[in-house]
Amino acid sequence: MSRPVIGVTCCNRPFGEEAAQVVINRYVEAVLRWSDAAVLLVPAMPGLMTAAEVAGRLDGLLLTGSPSNVEPWRYGEPEAAAEAGPFDPGRDAMSLELIAAMGERHRPVFGVCRGFEEVNVAFGGTLRRDAGSNPELIDHHAKADADLAGLFGHSHEVSLAPGGVLARAFEAERLKVNSVHYQAVGRLGEGLSVEARSADGLVEAVAAPGVLAVQWHPEWRPSDNLQSQTFFRLLGRAVRGEDL
């Protein structure tokens, strides 16, 4: 029997003098291996295809992380644009349309980092841009000179919401998670429930019927992390129609 098909969102990135559709292999590998699903890469080219054209062919969707940020005008703060880049308008448009299209079809949507922020914006929430600079917050990002391993090695604990999806799946009250973000949830989107918070109170994971998104990066070396494997196994269960 064929496996379910999970869409994985791409980003627009420069490639020499051209533009390329890019998704880091670790996202794809995590879905293929731990969700036990096939993958279809979804280009961030909303001017040439619509979310509705592809949503009906997907059993689920993974919104990936990215160096780019959601444009502030999309959550009602256009004056913040100068401080909040870099941006990828095509990624914004395609991801937000896909979230809506998958919801209309009652098909699961999972998000990681930027994808987590997209989910909050899609549900009418806002973002704050001080997670890497506010002295009242814990450090949510490694130092600027960190190498790749150091970047994803930066971590902190989160507290899981009692009785939530993650608390049940991990059978735990707290998790240690990597932390690679400068932005965070400002106002929580309508209909989203908080699944995890960091010690400074920032929302680190959210859920809604058919939706689960985390601010951390479970796709980073999941072979070494059972909790990360669990996240993608939850995605595999969801696309097979199982309740989370």
Side-chain angles (χ1 to χ4, degrees), residues 1-15 19-45 54-55 57-68 88 90-91 94-95 98-99 102 107-119 141-142 146-155 158 165-166 169-170 175-181 195-196 204-205 207 210-242 244:
M1 295 179 63
S2 60
R3 297 188 291 179
V5 177
I6 295 175
V8 175
T9 52
C10 296
C11 297
N12 292 290
R13 302 270 190 90
F15 184 76
Q21 294 298 302
V22 175
V23 58
I24 303 298
N25 275 2
R26 62 176 180 267
Y27 293 99
V28 178
E29 291 176 2
V31 172
L32 292 169
R33 186 181 302 275
W34 304 110
S35 301
D36 190 23
V39 166
L40 176 65
L41 301 185
V42 183
M45 304 178 74
V54 68
R57 309 181 191 196
L58 302 176
D59 298 298
L61 177 68
L62 177 68
L63 302 160
T64 59
S66 172
S68 67
D88 184 347
R91 164 72 191 256
M94 184 57 73
S95 291
L98 277 169
I99 293 168
M102 296 296 281
R107 296 178 185 179
V109 174
F110 277 45
V112 169
C113 203
R114 189 197 210 275
F116 162 87
E117 294 165 7
E118 290 169 339
V119 165
H141 199 284
D147 61 11
L148 188 64
L151 190 70
F152 286 93
H154 181 74
S155 64
V158 298
V165 174
L166 294 181
F170 296 130
L175 293 181
K176 186 175 182 179
V177 300
N178 54 28
S179 188
V180 192
H181 62 103
E195 284 284 323
E204 293 275 342
V211 176
L212 181 64
V214 299
Q215 183 76 83
W216 61 89
H217 284 266
E219 88 291 349
W220 176 257
R221 297 181 176 174
S223 295
D224 302 327
N225 190 313
L226 291 176
Q227 294 169 346
S228 294
Q229 295 172 25
T230 296
F231 176 84
F232 288 101
R233 288 192 172 110
L234 285 173
L235 175 54
R237 286 170 48 191
V239 297
R240 289 170 170 84
E242 296 183 34
L244 300 179

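Just so you know, these numbers come straight off a predicted model, no measurement behind them.
For Glu118 (side chain) and Ser95 (main-chain N/O), no donor-acceptor pair under 3.5 Å exists by modelled atom type. At least one donor-acceptor pair closer than 3.5 Å links the side chain of Asp88 to the backbone N or O of Asn12. Side chain of Arg107 to main chain of Ala55: a donor-acceptor pair is present (N/O by atom type, distance under 3.5 Å, no hydrogens or angles).
Here the CG atom belonging to Leu234 is positioned 6.5 Å from the CZ atom belonging to Phe170, to the nearest 0.5 angstrom. In this structure, Leu63 CG and Ile99 CD1 are separated by 5.0 Å, a value rounded to the nearest 0.5 Å. Distance check, rounded to the nearest 0.5 Å: CG of Asp36 to CG of Leu235 gives 11.0 Å. Here the straight-line distance linking atom CH2 of Trp216 with atom SG of Cys113 works out to 11.5 Å at 0.5 Å rounding.
Across all non-hydrogen atoms, the minimal contact from Val39 to Leu41 is CG1-CD2, 3.8 Å. Here the closest non-hydrogen pair linking Arg240 and Pro4 is NH2-CD, 3.4 Å. Across Ile6 and Ser35, no two heavy atoms sit closer than the pair CD1-CB, 4.1 Å. The minimum heavy-atom distance linking Leu151 with Ala142 is given by the pair CA-CB, 4.0 Å. Nearest heavy atom pair, residue Pro67 against residue Arg13, reads CD-NH2, 3.0 Å. Closest approach of Thr64 to Arg91, counting heavy atoms only: O-NH2, 2.6 Å.
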- Task: Could you walk me through whether Val180 and His141 pass the side chain to side chain contact (heavy atoms under 4.5 Å, CB included) test, one step at a time?
- Result: CA-CA 5 Å; Val180 192; His141 199 284; 3.9 Å; yes
- side chain to side chain contact (heavy atoms under 4.5 Å, CB included) assessment of Val54 paired with Leu40: CA-CA 10 Å; Val54 68; Leu40 176 65; 3.9 Å; yes
- Determine, stepwise, if the pair Val177 / Gln227 fulfils side chain to side chain contact (heavy atoms under 4.5 Å, CB included). CA-CA 9 Å; Val177 300; Gln227 294 169 346; 5.6 Å; no
- Message: Could you walk me through whether Glu195 and Glu204 satisfy the side chain to side chain contact (heavy atoms under 4.5 Å, CB included) test, starting with their C-alpha distance in whole Å, then the side-chain angles of each, then the deciding distance to 0.1 Å, before giving a yes or no?
- Response: CA-CA 7 Å; Glu195 284 284 323; Glu204 293 275 342; over 6 Å; no
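Under the side chain to side chain donor-acceptor pair (under 3.5 Å) rule, His217 has a single partner from Arg221, Glu219, Gln215, which is Glu219. None of Tyr27, Phe231, Phe232 except one satisfies the ring pair (Phe, Tyr, Trp, His ring centres under 6.0 Å) rule with Phe110; the exception is Phe231.
Ion pairing of Asp59 with Arg3 is absent here, as no side-chain N (NZ or NE/NH1/NH2) approaches a carboxylate O to less than 4.0 Å.
Ring pair Trp220/Phe152 is parallel by interplanar angle, where below 30° counts as parallel and above 60° as perpendicular.
Residues Pro218 and Asn225 form no side-chain contact, since every pair of their non-hydrogen atoms from C-beta on lies 4.5 Å or further apart.
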